[in-house]
There are 2 protein chains.
Amino acid sequence: MELASEKPITNADRTFYQLRKDIVEGVIEAGSKLSETELSTKYSVSRAVIREAINRLMSCHLVERKANVGARVVALTLSGLAELYQVREALEGMAARQAARSMPEAEIAELQILMNDHFERVKSGDTYYQEAGDVDFHYRIILGSKNQHLISILIDGLYHLVRMYRVQLGMAGPRVTTAYDEHRNIVQAIANRDEELAELLMRRHILYSRNNIENKLRLSPSTL
Amino acid sequence: MELASEKPITNADRTFYQLRKDIVEGVIEAGSKLSETELSTKYSVSRAVIREAINRLMSCHLVERKANVGARVVALTLSGLAELYQVREALEGMAARQAARSMPEAEIAELQILMNDHFERVKSGDTYYQEAGDVDFHYRIILGSKNQHLISILIDGLYHLVRMYRVQLGMAGPRVTTAYDEHRNIVQAIANRDEELAELLMRRHILYSRNNIENKLRLSPSTL
DNA sequence: CTTGTTTTAAGTGTCGACAATTTAGCCCTT
DNA sequence: AAGGGCTAAATTGTCGACACTTAAAACAAG
């Protein structure tokens with residue numbers, strides 16, 4: 001995933017993005033230890049750069065560090081997933097409400113165009129949709145809230161962890177078309193400036209999504 | 001403010017806490033530039049330590065940095081205050097709801113004892129209450145939610161910024177007794193395990209608090 | 001005097017080395 | 001053989017120096 005606003009300037013930026021990607025995608029496995037010296041050789045940068053990257057990853061809740069001991073990639077747990085989606089429900093619900101209030105008409109129009117594009121992909125059974133499409137949808141709603149704190153908490157903080165759960169627990173199943181309909185309805189509520197409904201639908205959408213993941217976990221024990 | 005869980009281990013910890021305190025209390029004024037070399041001499045640590053501290057302050061949204069240029073303390077603005085309290089309303093509302101669901105009986109009992117203590121202070125006109133007491137109250141509700149993400153976002157992330165606004169805009173006025181009553185009612189709702197009411201009262205409490213600050217700002221132009 | 005360019009200095013980004021702490025292995029004691 | 005304390009290796013925390021970028025000062029041309 002690449003966000004328009006995330007252009008690496010310094011080496012630390014690049015390393016941070018790379019590390020984050022490798023953690024989210026499981027190239028560096030969940031729960032494993034992050035050795036600074038090891039990483040510095042692997043990514044061809046100094047330890048200072050690695051340390052800064054790790055510090056930033058801590059802010060994202062992707063790694064945890066104990067002083068004088070070291071950093072570990074977070075472990076994926078059922079309770080952690082539940083807590084994460086609880087917060088998401090509240091925050092993205094609020095984002096949808098704010099978007100219904102503050103999103104400029106032009107941005108809503110663009111969002112509707114995006115939805116049409118998604119429709120084509122869903123129709124043709126494009127698996128692309130599940131991952132990037134969903135992210136893109138939520139991403140735009142969040143930005144539409146126009147609340148800097150909210151944007152930062154969700155985009156910089158929680159979203160990569162959400163993706164980590166989704167990628168590593170193999171979310172590819174078919175909630176695609178039903179999720180698409182939910183997206184569509186949320187956009188409609190925002191276009192109608194119906195704050196109440198936008199929040200309600202978004203909260204429900206995320207709740208469904210959570211139930212979907214948890215059911216999948218109950219069926220295939222996975223490694224949790 | 002000192003939180004039980006925040007015991008400085010490394011030099012970077014100490015420096016981070018000190019810097020944060022100085023920023024929140026206005027010793028380092030809002031909007032001012034943070035020179036790494038200057039700070040490193042002032043706080044008697046190396047630039048690496050200062051850099052780590054600044055990075056952590058960025059996570060708290062207390063400073064902003066531009067690559068190759070430097071870091072500045074955030075500016076206090078009316079819109080920023082509004083956005084902050086909007087997010088607070090959603091998150092602390094959720095915290096109150098979760099606390100009503102998950103807070104252990106023993107913790108609720110302690111909270112009620114704390115409220116009695118606060119009552120004594122309010123009765124005797126203790127100005128201590130306004131600051132530390134309020135923080136302490138909210139702090140406990142947040143911890144009572146038992147949601148790690150929520151706790152981290154609020155305590156590590158937003159709370160110090162909230163305090164910064166309150167301290168620097170001179171919140172000493174009398175919302176003390178009425179705020180106390182609101183606190184009391186929230187605790188009661190939590191004790192009754194009334195999730196709905198706990199969230200509602202907390203949201204309203206924060207909304208009142210926000211109105212109070214904004215009114216105060218309208219009366220005394222301040223420097224915003 | 002103004003504008004655009006070059007130079008220069010101040011400040012950040014990065015690095016390798018050293019100091020302090022933790023952990024694991026070894027030895028000694030019981 | 002089991003447990004505790006000591007030693008040594010590995011890892012993190014901290015430091016000062018160097019490289020690079022940016023912004024301001026000095027300068028030249030119009």
Side-chain angles (χ1 to χ4, degrees), chain A residues 3 5-23 27-75 156, chain B residues 3 5-23 27-75 156:
Chain A
L3 303 179
S5 59
E6 293 189 337
K7 285 170 185 159
I9 308 285
T10 75
N11 253 331
D13 288 335
R14 247 184 304 280
T15 308
F16 166 62
Y17 293 137
Q18 185 64 46
L19 259 176
R20 187 179 65 184
K21 185 181 173 191
D22 289 347
I23 288 174
V27 176
I28 301 175
E29 61 184 331
S32 64
K33 186 166 191 303
L34 293 177
S35 162
E36 294 182 359
T37 52
E38 188 183 328
L39 290 176
S40 82
T41 61
K42 197 172 225 165
Y43 290 84
S44 306
V45 289
S46 83
R47 266 186 59 219
V49 172
I50 293 291
R51 277 179 70 82
E52 176 168 341
I54 288 181
N55 280 330
R56 288 208 231 167
L57 290 169
M58 282 180 36
S59 309
C60 306
H61 303 269
L62 288 175
V63 314
E64 290 164 345
R65 146 180 284 164
K66 268 195 296 189
N68 285 313
V69 174
R72 305 191 79 87
V73 179
V74 294
D156 300 335
Chain B
L3 302 179
S5 58
E6 291 190 339
K7 284 170 185 155
I9 308 284
T10 74
N11 256 331
D13 288 334
R14 248 184 304 281
T15 308
F16 166 61
Y17 293 138
Q18 185 63 47
L19 259 176
R20 188 180 62 184
K21 186 182 172 192
D22 290 346
I23 288 175
V27 176
I28 301 175
E29 62 183 330
S32 65
K33 185 166 191 304
L34 293 177
S35 160
E36 294 182 0
T37 53
E38 189 183 327
L39 291 176
S40 83
T41 61
K42 197 172 225 166
Y43 290 84
S44 306
V45 287
S46 82
R47 263 187 61 218
V49 171
I50 293 289
R51 276 178 73 80
E52 177 168 339
I54 288 181
N55 279 330
R56 288 207 231 169
L57 290 169
M58 282 179 35
S59 309
C60 305
H61 303 268
L62 287 174
V63 315
E64 290 164 346
R65 147 179 284 162
K66 266 196 296 188
N68 286 313
V69 175
R72 305 192 78 87
V73 179
V74 294
D156 300 334

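Just so it is clear, the values below take in all heavy atoms, side chains as well, and ignore hydrogens, waters and symmetry mates. Per chain, numbering begins at 1; letters A, B, ... match sequence-line order.
Salt-bridge annotation for B:Asp156 and B:Arg56: absent, with no side-chain N of the basic residue lying under 4.0 Å from a carboxylate O of the acidic one. Between B:Lys33 and B:Glu38, none of the side-chain N atoms (NZ, or NE/NH1/NH2) sits under 4.0 Å from a carboxylate O, so this pair counts as no salt bridge.
If you take CG of A:Asn68 and C1' of D:dT14, they are 11 Å apart, rounded to a whole angstrom. Between the NZ atom of B:Lys33 and the C1' atom of D:dT22 there is a distance of 10 Å, rounded to whole Å. Rounded to whole Å, the distance from NZ on B:Lys66 to P on D:dT22 is 11 Å. The distance between atom OH of B:Tyr43 and atom C1' of D:dT14, rounded to the nearest whole Å, is 19 Å. Following rounding to the nearest Å, A:Arg51 (CZ) and D:dT11 (P) show an atom-to-atom distance of 15 Å. Rounded to a whole Å, the CZ atom of B:Phe16 is 14 Å from the P atom of D:dT14. Taking atom CD1 on B:Ile50 and atom C1' on C:dG13, their separation rounds to 16 Å, with Å as the unit. Taking atom CD on B:Glu36 and atom P on D:dT14, their separation rounds to 16 Å, with Å as the unit.
Across all non-hydrogen atoms, the minimal contact from B:Arg65 to B:Asn55 is NH1-OD1, 2.8 Å. Nearest heavy atom pair, residue B:Cys60 against residue B:Phe16, reads SG-CZ, 4.0 Å.
Checking side-chain atoms of B:Arg72 against main-chain N and O of B:Gly31 turns up a donor-acceptor pair under 3.5 Å.
Between B:Ser46 and D:dT14, a side-chain N or O to OP1/OP2 separation shorter than 4.0 Å is absent.
Note on A:Thr10: only backbone sugar-phosphate atoms sit closer than 4.0 angstrom, heavy atoms only; bases stay farther off.
Nearest-nucleotide positions on DNA chain D for A:Leu34 and A:Ile9 put A:Leu34 closer to the 5' end. If B:Glu38 and A:Val45 are placed on DNA chain C by their nearest nucleotide, the residue sitting closer to the 5' end is B:Glu38.
For A:Val69, whose side chain is taken as the heavy atoms from C-beta onward, the closest listed nucleotide among D:dG13, D:dT12, C:dT22 is C:dT22. Closest to the B:Val49 side chain, of the nucleotides C:dT14, D:dC15, D:dT12, is D:dC15. For A:Ala48, whose side chain is taken as the heavy atoms from C-beta onward, the closest listed nucleotide among C:dC15, D:dT14, C:dT12 is C:dC15.
At a cut-off of 3.5 angstrom, the base of C:dG11 holds no donor-acceptor pair with the side chain of B:Arg47.
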